[in-house]
Amino acid sequence: MSLFEIHDLSRFPVVTTRPGTTRPGYAPQWEREMDALLERGLPFVIIMRDPPEGEAHEDRRLRGLWLKRNRDTLAGLCRAVITVEPNAVRRAAFKAQAVMAVKAFGVAMEVAATADEAANLATAALAA
């Protein structure tokens with residue numbers, strides 16, 4: 001079993017989430033993977049191809065605690081989190097949530113309509 005089940009690092013520093021891996025109970029595995037990403041000490045971008053919909057309360061709580069504990073380190077290494085959302089209504093909702101998340105966690109948040117758009121945003125974030 002690979003350390004990374006949720007995140008695909010095959011194109012590092014562009015890290016993508018694997019579809020279907022954010023099911024209820026995923027937060028402890030997500031934390032281990034995020035810890036390992038930060039331990040690398042290298043800048044990266046995360047592209048969320050399968051954002052959690054209706055995330056379980058406990059997963060959201062655990063992720064929130066981890067994000068608070070690791071805010072400064074994450075903000076120093078993660079250049080952006082980019083969500084791919086083809087649906088325009090959901091994309092608008094993610095953009096509204098992103099404004100609050102940027103303030104809370106110090107990481108740029110973007111929302112793309114397509115994987116290609118997300119890849120372009122990732123390249124720009126890493127170059128900045």
Side-chain angles (χ1 to χ4, degrees):
M1 181 185 299
S2 167
L3 169 65
F4 290 95
E5 297 172 12
I6 296 169
H7 299 95
D8 178 353
L9 277 65
S10 64
R11 293 188 170 166
F12 190 87
V14 176
V15 177
T16 56
T17 57
R18 290 188 173 97
T21 57
T22 54
R23 55 194 170 272
Y26 81 98
Q29 177 64 30
W30 178 89
E31 286 184 28
R32 286 189 292 275
E33 293 182 25
M34 292 301 294
D35 286 340
L37 271 174
L38 295 185
E39 286 170 11
R40 289 173 166 237
L42 299 169
F44 61 92
V45 170
I46 296 176
I47 297 177
M48 293 177 50
R49 295 187 313 203
D50 186 30
E53 186 175 340
E55 183 177 26
H57 172 76
E58 185 64 8
D59 288 323
R60 185 172 35 258
R61 186 185 75 76
L62 290 172
R63 279 191 325 104
L65 290 172
W66 186 94
L67 289 164
K68 287 178 185 175
R69 280 192 316 271
N70 294 282
R71 183 191 196 282
D72 294 340
T73 306
L74 183 66
L77 293 174
C78 184
R79 299 297 183 245
V81 175
I82 303 161
T83 301
V84 177
E85 178 50 66
N87 180 287
V89 173
R90 286 192 47 165
R91 199 165 50 250
F94 276 118
K95 286 182 181 184
Q97 292 171 356
V99 172
M100 293 184 296
V102 169
K103 290 178 183 174
F105 305 115
V107 175
M109 309 268 312
E110 301 281 349
V111 184
T114 65
D116 286 344
E117 182 184 351
N120 291 336
L121 290 168
T123 299
L126 289 165

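Start at 1 with the first residue, then count along the sequence.
- Leu3 approaches Ala36 most closely through the heavy-atom pair CD2-CB, 3.6 Å.
- Take Asn120 and apply the side-chain hydrogen bond (donor to acceptor under 3.5 Å, both in side chains) test, not counting sequence neighbours, and it matches no residue.
- Shown here are the side-chain hydrogen bond (donor to acceptor under 3.5 Å, both in side chains) partners of Asn70, two or more places apart in sequence or in another chain: there are none.
- Formation of a donor-acceptor pair under 3.5 Å by the Arg18 side chain with backbone atoms of Phe4 is found in this model.
- If you take CD on Glu33 and CG on Asp8, they are separated by 10.5 Å, rounding to the nearest 0.5 Å.
- Met34 and Leu62 fall into different hydrophobic clusters, where Ile, Leu, Val, Met, Phe, Trp and Tyr residues are linked whenever their side-chain heavy atoms come under 4.5 Å apart, directly or through other members.
- Contact between Ala118 and Val84 at its shortest, heavy atoms only, is CB-CG2, 3.6 Å.
- Between the CG atom of Leu67 and the CZ atom of Arg60 there is a distance of 12.5 Å, given to the nearest 0.5 Å.
- In this structure, Phe105 and Ala75 approach most closely via the heavy-atom pair O-CB, 4.0 Å.
- Checked against side-chain hydrogen bond (donor to acceptor under 3.5 Å, both in side chains), Trp30 has no partners two or more places apart in sequence or in another chain.
- Cluster annotation: Val107 is not connected to Val99 through the hydrophobic network of ILVMFWY side chains, with a link wherever side-chain heavy atoms come within less than 4.5 Å.
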task = Determine, stepwise, if the pair Thr83 / Gln97 fulfils side chain to side chain contact (heavy atoms under 4.5 Å, CB included).
result = CA-CA 11 Å; Thr83 301; Gln97 292 171 356; over 6 Å; no

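- If you chain together hydrophobic residues whose side chains sit under 4.5 Å apart, Leu77 and Val102 fall into the same group.
- Of the possible donor and acceptor atoms, one in the side chain of Thr17 sits under 3.5 Å from a partner among the backbone N and O of Arg49.
- Applying side chain to side chain donor-acceptor pair (under 3.5 Å) to Tyr26 and the options Glu31, Glu55, Glu5 leaves one that passes, Glu55.
- Interatomic distance, Arg32 CZ to His7 NE2, rounded to the nearest 0.5 Å: 12.5 Å.
- Every side-chain contact (heavy atoms from CB on, under 4.5 Å) that Asp116 has, sequence neighbours left out, goes to Thr114.
- Rounding to the nearest 0.5 Å places CD of Glu110 at 14.0 Å from CE of Met48.
- Leu65 and Leu74 are not part of a single hydrophobic cluster, where members link through side-chain heavy atoms under 4.5 Å apart.
- Annotation for Arg91 and Pro86: closest pair NH1-O, 2.9 Å, computed over non-hydrogen atoms.
- In Arg69, the CZ atom is crowded: over 12 heavy atoms of neighbouring residues, nucleotides or ligands sit closer than 6.0 Å.
- Partners of Arg61 under the side-chain hydrogen bond (donor to acceptor under 3.5 Å, both in side chains) rule, at least two apart in sequence or in another chain, are Glu58.
- No side-chain heavy atom of Phe44 sits less than 4.5 Å from a side-chain heavy atom of Leu9.
- Nearest heavy atom pair, residue Pro43 against residue Pro13, reads O-CB, 3.3 Å.
- A distance-only check finds no donor-acceptor pair linking the side chain of Arg79 to the backbone of Val45 [under 3.5 Å].
- Residue pairs satisfying the ring-ring contact (aromatic ring centres under 6.0 Å, His included) criterion with at least one member in residues 107-128, sequence neighbours excluded, are absent.
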